[in-house]
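The structure presented is a predicted model; accordingly, all values stated were derived computationally and were not measured. Proteins come first, then strands; the chains are lettered A, B, ... in the order of their sequence lines, and each starts at number 1.
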2 protein chains.
Amino acid sequence: MPRARSDDKRSAILAAATHLIVAQGLGAPTMGIARQAGIPNGSLFTYFPTKAALFNQLYLELKQEMAAAATANVEQSDFSREHFFQIWHNWMHWAVAFPEKRKALTQLDVSDAITPETRAAAHRAMRPLGALIEHCRAAGPMSKVPAGFVAMLLNAAADATMVFMTQDPKHARRHCKDGFDAAWRMLS
Amino acid sequence: MPRARSDDKRSAILAAATHLIVAQGLGAPTMGIARQAGIPNGSLFTYFPTKAALFNQLYLELKQEMAAAATANVEQSDFSREHFFQIWHNWMHWAVAFPEKRKALTQLDVSDAITPETRAAAHRAMRPLGALIEHCRAAGPMSKVPAGFVAMLLNAAADATMVFMTQDPKHARRHCKDGFDAAWRMLS
DNA sequence: TTTTAGTGACTGGCTAGACAGTTATGGAAG
DNA sequence: CTTCCATAACTGTCTAGCCAGTCACTAAAA
């Protein structure tokens, strides 16, 4: 077997891309990303065939990481308010801990470089959350509302809460709770 | 006085930009925008000094148009649920009637080409809505939550509702009401 | 005649990706 | 154990194409 690719370099590229996307938007040049990652620009293309492929991969991994952070250490079958808050808290905590990742995600989300396939895969990563939401929805006033719509509304509330917490980290704890209360009022 | 600029051309440029931004993203070339507007590319720069200026102007005017559409034909001093729904309905109706304008707005919203000044001006355009929200907030369970946070949550809910209505126009009427009910539950 | 809009060819800078040559890796053959 | 080889990663330079904005000129308005 010939040389193996370096996971470190791969990660460095993704991290550099996250950083530069936040600083310069999606127009950030690949050369800048490579420099930030500490590799020559040519190497970037041995890890990702095109810029779009890099963005798709980044989007997917960030979404997966976010989903994993939200549902870490929680049981599948518990549908209580407290349990839901635990997940919400994990979720918000991740966003505050990695503000660049969250910002990069919102940029990538509206980009047309992200393919429907990637979006579908990202959606799949959020599946565990979906099941939980589904259960709460069915028991409350939104039982007649399409599940996708409910999910979208909750996502929107979560995003808004993340933005506000990041904007005003001093009162992050309170904003986290306020956002949750609002979301919970929405579906119960 | 020498030749006056043509309002028609100006509008054509803005309309063309809206259309192309939706189709190609913010990377849409000025030449493409000019072609779509039916003018030579040089003329675009007699109406807008730079591409960024064009985007800022477009953002501002779309936001103003949206705000005006939402608050058309409604009284300032009425704070009832019905009145709020009337505004919500106007708002959603605009989004469904002009889906491209809404989509272009969401693109522009995350762009770093939009200056803080433009954002402030756009925010001012939403002022009448803000007063209404403020009143409802103060009377409900979110009285202790910052007004900006409440506005952000409502905006997020409105956006999500717009997306879903546009996605599934067949049941737009129901989604409009469902979105409103959810938003109303949030703040009362 | 003055002033400014209209026009479209042009340009300078930038960037994604190609490429030709180099180097590390590990297995196979002796 | 040593040599050799096949493979694929590594590298920096290069280039073809694109695009925002310019400019020299013309046309219209007053």
Between [X] ([atom1]) and [N] ([atom2]), how many Å, whole number?
{"X": "Leu20(A)", "N": "dT15(C)", "atom1": "CG", "atom2": "P", "value": "11 Å"}
{"X": "Leu54(B)", "N": "dC19(D)", "atom1": "CG", "atom2": "P", "value": "16 Å"}
{"X": "Met31(B)", "N": "dT22(D)", "atom1": "CE", "atom2": "C1'", "value": "15 Å"}
{"X": "Arg35(B)", "N": "dG8(C)", "atom1": "CZ", "atom2": "C1'", "value": "13 Å"}
{"X": "Ile33(A)", "N": "dT15(C)", "atom1": "CD1", "atom2": "C1'", "value": "12 Å"}
{"X": "Phe55(B)", "N": "dG21(D)", "atom1": "CZ", "atom2": "C1'", "value": "14 Å"}
{"X": "Leu44(A)", "N": "dC10(D)", "atom1": "CG", "atom2": "P", "value": "12 Å"}

Taking [X] first and then [Y], would you say they form a salt bridge - that is, a charged N and a carboxylate O separated by under 4.0 Å?
{"X": "Lys63(A)", "Y": "Asp109(A)", "result": "yes"}
{"X": "Asp181(A)", "Y": "Arg81(A)", "result": "yes"}
{"X": "Glu100(A)", "Y": "Lys103(A)", "result": "no"}

Problem - Asn56(A) side chain to Ala113(A) backbone, donor-acceptor under 3.5 Å - result: yes

Exercise for the section: Could you tell me whether a side-chain N or O of His83(A) sits under 3.5 Å from a main-chain N or O of Glu75(A), the two making a donor and an acceptor? Expected result: yes

Exercise for the section: Count the heavy atoms of every other residue, nucleotide or ligand shown that sit under 6.0 Å from CZ of Arg35(B), and state whether that count exceeds 12. Expected result: no

Exercise for the section: Verify the neighbour count for atom NE2 of His123(A): are there more than 12 heavy atoms of other residues, nucleotides or ligands below 6.0 Å? Expected result: no

Problem - Pairwise 5' ranking along DNA chain C for Pro40(B) and Arg5(B), keeping only the more 5' one - result: Arg5(B)

Practice task
Look at Tyr47(B) and dG6(C) and indicate whether a side-chain polar atom (N or O) is within less than 4.0 Å of OP1 or OP2.
Solution key: yes

Practice task
Compare side-chain N and O positions of Thr46(A) against OP1 and OP2 of dA9(D) and report whether any pair is under 4.0 Å apart.
Solution key: no

Practice task
Take the angle between the ring planes of Trp94(A) and Phe98(A) and call it parallel below 30°, perpendicular above 60°, tilted in between.
Solution key: tilted

Handout entry: Mutual orientation of the aromatic rings belonging to His135(A) and Phe79(A) [parallel < 30°, tilted 30-60°, perpendicular > 60°]
Key = parallel

Handout entry: Sugar-phosphate, base or nothing in reach of Ala53(A), heavy atoms under 4.0 Å
Key = nothing

Practice task
Summarise how protein sits on nucleotides 17-24 of chain C as a single string, 5' to 3': B when a protein heavy atom is under 4.0 Å from the base, S for sugar-phosphate-only contact, - for no contact.
Solution key: B-----BB

Practice task
Please work out which residues in residues 8-19 of chain B have a non-hydrogen atom less than 4.0 Å from an atom of DNA chain C and list them by number.
Solution key: Lys9(B)

